[in-house]
**Student:** 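Below is a structure I'd like to ask you about.
Protein chains get the first letters and strands the later ones, always in sequence-line order, with residue 1 at the start of each.
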Amino acid sequence: MGTQGDTDFLGWVSTSRAGLRTSAFLLCGDWFLADDLVQETLTRVFGAWGRVSGSGDPSPYARKVLINLYLDHRRRPSRRETPAADLPERTIEQPNAVDGDRDRLMAGLRQVPKGQRAVLVLRYWDDLSIEQTAQILGTTASNVRSQASRGLETLRAVLGTDHATTTPKEAL
Amino acid sequence: MNETDVKELFASVAAHPAADTIDMDAVLRGGRRRHRTRVAATLGASAAALAVVGALLSGVLPTSSPDPVGPTPTGTAWPSPALAQARIAVTPNQAQQELPAARAAWAARPAATVDYRLTVRRESQAAPVRADSEVSGGEVTDYDVFTDPRKPGSVPEQLPDDAGAGLPRTVPELLDLVASYADAAGLTVVFDRFGVPVRIDVDPNAGAVDDEQTLTVAWSRPGDLEVPSGPGPWTLIPRTDPFPTDGLRDGIYTGSRAVVASDGRGVGIYLTLWGSSSCPAQPTTLTFVEPSEPQLGQTEVAAEVLVGPDQPDTRPCSADLSGTTYWAPLPASYAAKLPSSPPALGGPSALTHLELVLTGGAGSSSVTAGGLLTSRATS
């Protein structure tokens with residue numbers, strides 16, 4: 001990789017970084033872990049930049065790496081956490097209504113199984129088609145439909161009925 | 001909840017991002033290192049393939065296996081004709097060249113195995129799955145897909161059949177799958193003596209990320225999957241029963257693993273032998289030999305285990321390199337000497353070392369495998 005490759009890569013990062021961070025956060029629910037996932041994603045994309053950039057838009061490749069890292073991370077112990085003998089001192093934050101709402105939504109999202117959550121994020125945040133989602137996850141379109149449907153059902157169940165306005169099938 | 005609701009929900013929870021902590025210098029350093037590694041890996045691929053051939057032909061097992069009793073240890077497999085007669089292809093071309101012989105061997109298999117049971121495990125970037133099928137008269141008569149948890153004692157959960165999409169349900173489908181990998185970037189296939197591909201490691205596309213997968217296959221006649229316990233003190237531990245696997249970190253033998261533990265079964269030895277799951281080797285005896293003089297204040301005991309053959313002449317044995325685990329009680333006189341965890345090395349009254357010597361093997365072959373174990377009691 002030469003200087004031009006570096007420049008191209010950094011240019012692509014400047015436009016993609018925020019989106020990847022948000023997708024990672026929606027997948028894992030933790031900004032620090034999201035940064036870990038995105039940093040490793042960017043490292044892998046840069047390691048294959050010559051090949052990836054030559055094939056057109058690097059974003060699908062990056063998205064696939066991110067999803068794989070997320071799914072893989074869920075099966076491995078955290079790299080960031082280290083055991084400590086004593087608990088750290090923490091300040092007690094005063095809750096407010098906005099944070100409370102967000103926490104409730106995040107808690108609901110966390111209850112969606114990881115495979116379903118990956119489908120929901122790819123479909124409804126990254127705006128990918130069913131076929132594109134299936135390609136990234138290495139599965140079939142019918143499986144994506146089914147996972148999305150179940151994910152919505154789970155969300156509806158954990159967040160209450162106030163969002164239940166359409167059936168999962170309609171949502172797809 | 002519809003698409004808009006979900007978008008709003010996502011936007012809401014991600015509305016206030018934390019400060020960006022991504023280290024771009026680390027990204028660039030790591031990326032360059034990965035790039036160099038990839039180039040080096042490409043150059044070394046041929047040498048690696050040759051090493052795989054050499055290792056497999058000399059009986060050295062692959063370094064990992066999706067077997068639920070844990071990873072296959074590196075070392076010599078427990079001697080088994082089923083494994084010795086395996087044929088290995090390490091390139092897509094070699095695999096295609098092996099296919100006609102494999103198809104012929106399968107077609108000429110013993111009449112008793114016309115109907116068979118097949119278990120295919122898939123290990124990839126996705127969650128591991130296991131598909132069980134029963135084949136009668138060439139047709140699939142029963143098919144189930146399960147999760148494939150690694151932890152012993154974990155009970156697999158049944159999945160919808162479509163979770164096994166892409167997994168072969170019959171041996172001919174397995175062979176067709178190998179044929180479909182003619183243009184794969186990398187392919188290693190182990191065929192057993194009946195032509196069944198019992199292990200397939202494939203990298204379909206060199207340009208794709210994390211698309212590599214490993215299939216391991218076990219097959220047997222219907223009814224052959226239940227392994228009877230042999231004579232002697234050893235009891236077969238069903239795969240779905242919990243048992244410890246890491247009480248003894250230094251207890252990896254060649255082709256076997258031993259763990260001394262105290263649990264619901266009592267104080268005893270868990271012995272796992274890797275080989276053919278449908279014709280596993282079975283420990284038959286357990287004899288303790290105490291040395292005449294204690295070593296450095298520690299109690300060192302040798303336990304001799306005779307292992308029976310895996311009956312290769314009477315059953316179709318899969319060369320699937322799976323582990324089978326047995327348990328035998330530790331005599332009370334030794335159990336009382338087990339230290340609490342962690343063991344107190346050098347403690348005068350603690351049984352700190354147990355050497356397990358396995359003797360036996362398939363057919364006329366014989367092997368003695370041994371090593372020094374540090375005993376540890378687990379709850």
Side-chain angles (χ1 to χ4, degrees), chain A residues 1 6 9-10 13 17-18 21-22 25-26 29 31-32 34-36 38-40 42-51 55 61 64-65 68 71-72 75 98 101-102 105-106 108-109 115 120-121 123-125 137-140 142-143 146 152 155-156 159 163-166 168 170-172, chain B residues 1-39 41 122-129 147 149-151 159-166 204-213:
Chain A
M1 277 175 289
D6 292 9
F9 172 72
L10 292 172
V13 169
R17 181 172 179 160
R21 282 190 82 220
T22 306
F25 172 72
L26 293 173
W31 282 109
F32 292 108
D35 281 356
D36 274 356
V38 173
Q39 183 166 318
E40 181 61 22
L42 295 178
T43 301
R44 294 192 183 194
V45 171
F46 186 49
W49 184 250
R51 177 166 49 85
S55 64
Y61 180 89
K64 182 166 185 175
V65 172
N68 285 342
L71 294 174
D72 192 41
R75 297 198 295 267
V98 175
D101 248 9
R102 197 160 53 235
L105 293 173
M106 202 64 235
L109 199 54
L120 293 182
V121 170
R123 287 280 290 125
Y124 304 130
W125 183 254
L137 293 174
T139 185
T140 60
S142 64
N143 193 36
S146 139
L152 289 174
L155 266 183
R156 186 181 300 124
L159 295 178
H163 290 287
T165 54
T166 56
E170 287 168 331
L172 297 171
Chain B
M1 176 168 288
N2 58 26
E3 185 174 337
T4 308
D5 293 334
V6 178
K7 276 181 186 291
E8 286 175 2
L9 187 154
F10 284 164
S12 171
V13 296
H16 301 285
D20 188 332
T21 62
I22 296 172
D23 181 348
M24 282 307 296
D25 286 340
V27 167
L28 296 177
R29 279 196 310 274
R32 289 196 180 95
R33 191 164 52 243
R34 287 184 69 86
H35 179 70
R36 286 196 297 270
T37 305
R38 183 183 291 273
V39 172
R122 177 170 60 200
E123 190 177 31
S124 65
Q125 282 299 310
V129 295
T147 60
R150 302 291 191 278
K151 188 178 177 184
L159 300 170
D161 284 0
D162 63 2
N205 186 346
V209 179
D210 296 337
D211 60 340
E212 301 85 356
Q213 66 173 8

**Student:** With chain A as the partner, which of Pro160(B), Ala163(B), Ala11(B) has the greatest number of non-hydrogen pairs under 4.5 Å?
**Tutor:**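 The candidate making the most pairs under 4.5 Å is Ala11(B).
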**Student:** How far does CG of Leu9(B) sit from CH2 of Trp125(A), to the nearest 0.5 angstrom?
**Tutor:**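 Leu9(B) atom CG to Trp125(A) atom CH2 measures 10.5 Å (nearest 0.5 Å).
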**Student:** Identify which of Val13(A), Leu26(A), Leu42(A) forms the greatest number of heavy-atom pairs closer than 4.5 Å to chain B.
**Tutor:**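 Max contact count across the listed options: Leu26(A).
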**Student:** I'd like to know if the side chain of Gln39(A) and the backbone of Asp23(B) have a donor-acceptor N/O pair within less than 3.5 Å.
**Tutor:**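 Answer holds: yes.
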**Student:** Taking the side chain as everything from C-beta on, heavy atoms only, tell me whether Glu40(A) gets closer than 4.5 Å to Val27(B).
**Tutor:**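 Not in contact.
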**Student:** Identify the two heavy atoms, one from Val13(B) and one from Phe25(A), that lie closest to each other, and give their separation to 0.1 Å.
**Tutor:**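 Shortest heavy-atom separation between Val13(B) and Phe25(A) comes out as O-CE2, 3.2 Å.
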**Student:** Do you know which of Asn143(A), Leu109(A), Thr140(A) has the most heavy-atom pairs under 4.5 Å to chain B?
**Tutor:**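 Of the options given, most contacts go to Leu109(A).
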**Student:** Of the non-hydrogen atoms in Thr22(A) and Ala14(B), which two are nearest, and what is the gap between them?
**Tutor:**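 It is CG2-CB, 3.6 Å.
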**Student:** Looking at CZ of Phe46(A) and CE of Met24(B), how far apart are the two atoms once the value is rounded to the nearest 0.5 Å?
**Tutor:**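 Result: 8.0 Å between the selected atoms.
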**Student:** What distance separates His16(B) NE2 from Trp31(A) CH2, expressed to the nearest 0.5 Å?
**Tutor:**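 Reported to 0.5 Å precision, the distance equals 11.0 Å.
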**Student:** Strictly distance-based, threshold 3.5 Å: is any side-chain N or O of Asp35(A) a donor or acceptor partner for the main-chain N or O of Thr21(B)?
**Tutor:**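 Present.
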**Student:** With a 4.5 angstrom heavy-atom cut-off, could you sort out which part of Leu10(A) is near chain B: side chain, backbone, both or neither?
**Tutor:**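 Interface part for Leu10(A): side chain.
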**Student:** Please name the pair of heavy atoms, one in Phe10(B) and one in Val121(A), separated by the smallest distance, quoted to 0.1 Å.
**Tutor:**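 Heavy atoms only, the tightest pair is CE1-CA, 3.9 Å.
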**Student:** Which pair of heavy atoms, one from Arg21(A) and one from Pro17(B), lies closest together, and at what distance?
**Tutor:**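 Nearest pair, atom of Arg21(A) first, then Pro17(B): NH1-CB, 4.3 Å.
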**Student:** If you tally heavy-atom pairs under 4.5 Å against chain A, which of Gly166(B), Ala19(B), Ala165(B), Ala15(B) wins?
**Tutor:**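 Winner by heavy-atom pair count: Ala19(B).
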